[in-house]
Amino acid sequence: MTKKNLIVGNWKMNGGLQGNQALVQALLQAVGQPACDVAVCAPAPYLAQLQALLAASPIALGAQDVSAHAQGAFTGEQSAAMLKEFGVRYAIVGHSERRQYHRETDETVAAKTAAALSQGITPIVCVGETLAEREAGQTHDVVKRQLAAVIHVNGHCISEIVVAYEPVWAIGTGKTASPEQAQSVHALLRAQLHHAASEHAAGIRLLYGGSMNAANAAELLAQPDIDGGLIGGASLKAPDFLQIISAAA
Ligand code: 13P
């Protein structure tokens, strides 16, 4: 099976109508026909704008979160069906910022993964340890627990997910995991997926995220179990994001 790398920009809570348009235009002018898959995950109010800007382009649209619920009294949330109406192909679930600031549990993340899958949206399931957990030697236990919750609920369609390993201490800090550190966790996640879905595990894309940039992307992407990146800060600058896309070709 040939597996293309996947490069995803997570804009987080950044952007505006004018800036989004300028950024997307700069990307589309230069991206050509990328040899990897590319997506950008925009804030919810801009999904309609991005759907129009990215129509018939090689860049797919993603959301940064999705409700675990199908509909009803959940003020402030967006259902997977709503995202689908705006052409959303990917949804980040369980980003550490949501686990940390919105107290999302492993169970919530598993339910959100199921909600996305139910609408044919590819969930990008984020896992990763804090600095304290790494220093306490708990990295493997933490990411295994986080992924196990998702497998427990979604085992039957686990081959449809994307996993992103994002060490919390590397997010927005400029401290990237070394390629060896990242590969070691990716290999562990791959083995866990293999256990859950042996024939599909090799085809599941495992992204690295955490201060990935134009300078370090190639080295990270050269690791055998790193199949792409989830990029925050560097995805807001067209030249940097384009360089990462080139590195993933
Ligand atoms: P940075 O690339 O800004 O470190 O963010 C990584 C991230 O959290 C992507 O989801």
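Order of listing sets the numbers, starting from 1, for every ligand and every atom in it.
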The atoms of ligand 1 lying under 4.0 Å from a heavy atom of Ala170, numbered in the order shown, are 4 (O)

**Message:** Parallel, tilted or perpendicular, judged at 30° and 60°: which one describes the rings of His69 and Phe74?
**Reply:** parallel

TODO: Would you kindly say whether His95 and Glu166 are connected by a side-chain donor-acceptor distance under 3.5 Å?
DONE: yes

| Is Thr173 close to ligand 1, meaning an N/O of one under 3.5 Å from an N/O of the other? | no

Quick look: Ile171 vs ligand 1, heavy-atom contacts under 4.0 Å, and the answer is both

What I'd like to find out is whether the side chain of Asn20 reaches to under 4.5 Å of the side chain of Trp11, using heavy atoms alone. yes

the protein heavy atom lying closest to atom 9 (C) of ligand 1 turns out to be Glu166 OE2, 2.9 Å

Exercise for the section: Flag the pair Glu104 / Asp65 as yes when at least one side-chain heavy-atom distance between them is below 4.5 Å, and no otherwise. Expected result: yes

Problem set entry | Gly172-ligand 1 polar pair, N/O distance under 3.5 Å | yes

In this structure, atom 2 (O) of ligand 1 is nearest to the protein heavy atom Gly232 N, 2.9 Å

re atom 3 (O) of ligand 1, the protein heavy-atom contact at minimum distance is Gly233 N, 2.8 Å

Atoms of ligand 1 under 4.0 Å from any heavy atom of Asn10, numbered from 1 in the order shown, are 9 (C), 10 (O)

ask   = Do Asn154 and Thr113 get their side chains close enough for a donor-acceptor pair, meaning under 3.5 Å?
value = no

message: If we count only N and O atoms by modelled type, under 3.5 Å, do the side chains of Asp106 and Gln146 hold a donor and an acceptor together?
response: no

Nitrogen or oxygen of Gly210 less than 3.5 angstrom from that of ligand 1 | no

Here the pair of heavy atoms bringing Leu189 nearest to Tyr165 is CD1-CB, 4.1 Å

heavy-atom search around atom 5 (O) of ligand 1 in the protein gives Lys12 NZ, 3.3 Å

